[in-house]
Amino acid sequence: MGYIEPAPLKDRENPFEAMMSRFQIASQLLGLDDEVYNVLKNPAKQVIVSIPITMDDGSIRVFEGYRVIHSNILGPSKGGIRFDKRVNLDEVKALAAWMTWKCAVVDIPYGGAKGGVCCNPREMSRGEMERLVRAYTTSLHEIFGPDKDIPAPDMGTGPREMAWLMDEYSRSQGMTVNSVVTGKPLVLGGSLGRTEATGRGVMVSALAAMEKLKINPYRATCAVQGFGNVGSWAALLLAERGVKVVPISDISGAYYNEKGIDIKKAIEYRDNNNGILEGYTDAEYMDGDDILFMAVDVLVPAATEDVITASKADSIKARLIVEGANGPTSSKADKIIAEMGIMVAPDILANAGGVTVSYFEWVQNRLGYKWTEERVNRRSDRIMKDAFDKVYKVSVQYNVPMRIAAYIVAIDKVAKTYKYRGGF
Ligand code: GLU
């Protein structure tokens, strides 16, 4: 089975450079002064830890872990922890900066951070994972804190890992501190609606964009690339609103059904098949990369960075791209996509539903109170819709694509706050 080949090397983009190139464009349009530009361009803190773990076979393996705090100008830094074999410092730096912009776009009182460990969770046992999460937490317990830096799940981590993190951090403090991390299981103070929050925000952004483009959801088709937490929830919620999701894909390939994939069935299949769609039969099998070039109205890249590269961009046929992943489009592809007249609901806007409900989780933990799912969804939908409208307005005002408009909204807010707070 043909796993997705990475794009040719010369076409690939370093995620930090990809972030910086948009940051530069937006800063120039905003007329940001050099001092603030220099403050925002550099992460506030970068920590690298080496984590020795005893593996199940008795051997000791040393993992490299990172936590990058890009900014704490708007408040305590916030951002997930990625466990993946491609994790490296440049990627974590870019993801941390994207968190700063994301929190600013949706107007929640957080700065941005990201963490990661270079490892392959698919090949690790439950015990090895637990030891790694606990050791990572111990190495960084002075960085984390409910008013300092608040981790959450990202690729390769989920509620189970957040529970271990919360427990290990609580041990270091001698008391239970559940607000130090979000994305926890419900019984440990997790929020209703958190698991589906990122996918739900993607759905809200997609519907808002479709309205602008006058695409009727009941007549629309959609392709979802990536079938992890974000992609599968986005697919399910879009399908519930009438959108026909025709192909879905993951690392094992793409699966096409012209009548629309039964998303519930596909999720069930994935959950009973070690987390992947390999062998899914209620659809036609296609090469994984082909999903990007399908003739659909909406394309949702919901896997990882640098998927829509410059060499692939001009073969895209969708009218709208809604970015569930962080950084799925390279900065060189931006220009091609804009010239083709394709609208993009960019990552720092479209996938901000996750961190928004993380914020609600943190608020509930601090209040010692639980909101209903209805309240969580209503409030996060409103935040997402308001953010979309604001970014759209700025894109019209500056005559720029939605991505640059989102950076303008974010940088403007962080820069203004920095000016008030001042520095040394
Ligand atoms: N990892 C998610 C993201 O990239 C969520 C972060 C959070 O909830 O803090 O947005």
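Order of listing sets the numbers, starting from 1, for every ligand and every atom in it. Bear in mind the structure is a predicted one, so any value in this text is a computation, not a measurement. We're numbering straight along the sequence, starting at 1.
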Could you pull out all donor-acceptor pairs under 3.5 Å where a side-chain atom in residues 180-194 meets a protein atom, sequence neighbours excluded?
residue, atom, partner, partner atom, Å
T182, OG1, K78, NZ, 2.8
T182, OG1, S358, OG, 2.8
K184, NZ, N178, O, 2.8
K184, NZ, V181, O, 2.6
K184, NZ, E361, OE2, 2.8
K184, NZ, N365, OD1, 2.8
S191, OG, Q364, NE2, 3.0
R194, NE, G354, O, 3.3
R194, NE, S358, OG, 2.9
R194, NH2, S358, OG, 3.4

Name each donor-acceptor pair under 3.5 Å that joins a side chain in residues 37-48 to protein atoms two or more places apart or in another chain, with its distance.
residue, atom, partner, partner atom, Å
Y37, OH, Q24, NE2, 3.1
N38, ND2, D34, O, 3.3
N42, ND2, N38, O, 2.9

Atom NZ of residue position K85 - does it have more than 12 heavy atoms of other residues, nucleotides or ligands inside 6.0 Å? no
Could you check whether E278 and Y280, counting side-chain N and O atoms only, form a donor-acceptor pair closer than 3.5 Å? no
Would you compute the distance between atom CE of M210 and atom OG of S205 and round it to the nearest 0.5 angstrom? 10.5 Å
List, ordered by chain and residue number, the protein residues whose closest non-hydrogen atom lies under 4.0 Å from any atom of ligand 1. K78, G79, G80, M99, K102, K114, A152, P153, D154, R194, N326, G354, V355, S358
Pairs in or reaching into residues 404-418: which pass side chain to side chain donor-acceptor pair (under 3.5 Å), with residues at least two apart or in two chains? W98-Y407, D107-K413, D412-K416
